[in-house]
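Chain A is the first sequence line, chain B the second, and so forth, proteins listed ahead of strands; every chain is numbered from 1. Quick caveat, the model's predicted, so the values are computed rather than measured.
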Protein chains: 2
Amino acid sequence: MSGKSLNVIELAKLAHTSKSTVSRVLRNEPDVSPKTRARVQRLIRKYDYHPSLFGRGLTGASTGLIGVLGRWMESGFAAEVLRGIVAEVERRGGHLLCSFAPNIDDYVSMWRKFAAGGQVDGAILIAPANEIFAHSVKPGDRPVVLCACKPPDEKRGWGKIGSVTIDNRTAMNDVVDHLVGAGCRRLVHLSGAPDILDAQERRRFFMKAAARHRGVKADVVQGAWTRELAYTIALEYINTHGGPPDAFVAFNDSVALGVLEALQARGIPVPGKVAVTGWDDILFASYAGLTTIHLPMIRMGEEAARLLYEQLDDPRRKVGRPVLLKMPLKVRSTSGRPRK
Amino acid sequence: MSGKSLNVIELAKLAHTSKSTVSRVLRNEPDVSPKTRARVQRLIRKYDYHPSLFGRGLTGASTGLIGVLGRWMESGFAAEVLRGIVAEVERRGGHLLCSFAPNIDDYVSMWRKFAAGGQVDGAILIAPANEIFAHSVKPGDRPVVLCACKPPDEKRGWGKIGSVTIDNRTAMNDVVDHLVGAGCRRLVHLSGAPDILDAQERRRFFMKAAARHRGVKADVVQGAWTRELAYTIALEYINTHGGPPDAFVAFNDSVALGVLEALQARGIPVPGKVAVTGWDDILFASYAGLTTIHLPMIRMGEEAARLLYEQLDDPRRKVGRPVLLKMPLKVRSTSGRPRK
DNA sequence: CTGAAAGCGCTTACAG
DNA sequence: CTGAAAGCGCTTACAG
């Protein structure tokens, strides 16, 4: 081997052929004689040769690089979705180019960088803030898939962008029906932060779900956005209303945890006196016996990657499709029939 | 703008200068007149221009790309470490090129690809299997940092590789001293899978820590590697020994969870009759009041990235350094003084 | 301080 | 089925 690292030219010399032919073998093109192909492949394996990402990328050819853009990894949500993406991308022999931008302007800039091409084959945007829809999708954009986010309308080219979202409506119906079936009549929803789409949806679907039942009273309480806030606000609610409602429907498991702690502090039995439900199904939920909605974070990542590959595999397909994932209700012990 | 995407040549034309000068401005080189620099920078901002990763990479210049190689994301461990890496890399304006290889041969192949250059500036290897040390580090390798893994010796060039590991010895001493201080005399360690370095270390340090105390009996039980297995094995232990020991020291929180469930199933009070400790400090630990060792996964990622940048910032520095992270003991309610 | 030229390692038409 | 040539977008000496 010469001093420089192995490249198509060196490989061509060793195989007594041209770099064009080596390139053809590399990309599994059909028009190569079996003998030549075998000779080149043997050398590729012998030297564990991998074509340069940069050389290939510069020509505009596919690099197997999939862009992943997230707001941040704090939540654990992005990390779980990433696991799903990894599973699918790894299966295809691809690589992930990950960027994270908490700030929406940076996020948009990175999205544009991915979409403009010359970097990744396609990209997955994890939970972008809604401000992104004020920007336009360009006709020549690389395929992009939205994860945990859905374009609000067809405008600005967003109509042809694929997306993976969760079916909050059906899940919330399941929660409410289950609670009503268990005898609960006064339901209180501790909603999530108002700038989160899921929070808006769950809040709306909670009211709608309850309205389908006669004699059921539904209320929404804002501000309980974390475990700590939920603890305080649950106590406050109980003090103000002279006791708990029949059920607290928490925006997520952390909020439910805060509620459970508040109820425990006041010696109010769950589910004896009040039912509590969560959302997400994090590890502690199963430990605490929390009835909750299972959020399939890993599957969201997998589906997003599959959606992206659908478009990558068929370049004529210019339009992505929306995928709506069902979320199963996990009935555990915090939602038994109240004894009053 | 012409049809093709903006590049150094277009930018040079617009700025009435040459692509060499544009390149100098891009890389913040000193030898550019203030006027020219300002003119170029204005255009860069105006068009939100980002130099091509591929063009830059092909010349061998730094791309800001940091390679991350993991065995898999299943554990959640890699995901948390990744969060730390992201925090640090994002701060430096870099990007992550992530690959995951459950199989050791693939892992080694990817490591070599990163190390050979022409792809990333440097790489972080998360928890590689020990078989990797059978391979040699080459003199011209790009900087690499080991995370949650330490070279067993100086051989094959591994002596100059930086690493981030956790101080299992001190942490295990803390656990054992705490339990003995609480009155426990018979300690049982439910160890982790034998091919995990941390499992080997904790097992060994558990025995050593106990041996420092007179009258303390320490045992190791194998096979309890998951919550489910721990449940079964804890029950089995109790049946065989006519009751629990004074303390179960679990390899991690999931194992501790299995133990707690087994004790609950048998109606054995914790900490009244037996103490239980975990390791990792996952969310459920604080909920369950589990006394545990806090594993700073995010910090491990941050430290690994910092270590890597130390070498990247100073190319003369050919040798990385080892970092040993302390793990605080979180005393909660599962380790109170046993009442016997 | 500036610019022209070479070259990084590939792929892509094109000609045979 | 094969190869010579051009070119992707940068950076790096080199000459001025």
Heavy atoms only, 4.0 Å cut-off, all strands: where does S20(B) land among base, sugar-phosphate and nothing?
base

So what does S33(A) hit on the nucleic acid, given a heavy-atom distance under 4.0 Å: a base, only sugar-phosphate, or nothing?
sugar-phosphate

Starting at the 5' end of DNA chain D and moving along, which residue's nearest nucleotide shows up first, L58(B) or E29(B)?
L58(B)

Nearest-Å distance for atom pair CG/C1', residues L53(A) and dC10(C):
11 Å

Rounded to whole Å, the CG-C1' distance (L11(B) to dT11(D)) equals 15 Å

Ionic contact status for E302(A) with R299(A), cut-off 4.0 Å
no

Heavy-atom check, side chain of V68(B) versus side chain of L96(A), under 4.5 Å
no

Establish, with yes or no, whether the OP1 or OP2 oxygen of dT2(C) is under 4.0 angstrom from a side-chain nitrogen or oxygen of S18(B).
no

Can you measure F54(A) atom CZ to dT11(D) atom P for me and round it to whole angstrom units?
12 Å

Below the 4.0 Å mark, does dT11(C) have OP1 or OP2 next to a side-chain nitrogen or oxygen of S23(A)?
yes

Value in whole Å for how far the P atom of dA4(C) lies from CZ of R24(B)
11 Å

Measure from NZ on K13(A) to P on dC10(C) and round the result to the nearest Å.
13 Å

If I take atom NZ in residue K19(A) and atom P in nucleotide dA5(D), what distance separates them, rounded to the nearest angstrom?
10 Å

Test your reading of the model: is there a side-chain donor-acceptor pair from R37(A) to the backbone of E29(A), 3.5 Å cut-off?
yes

Supply the atom-to-atom distance I132(B) CD1 to I104(B) CD1, rounded to the nearest 0.5 angstrom.
5.5 Å

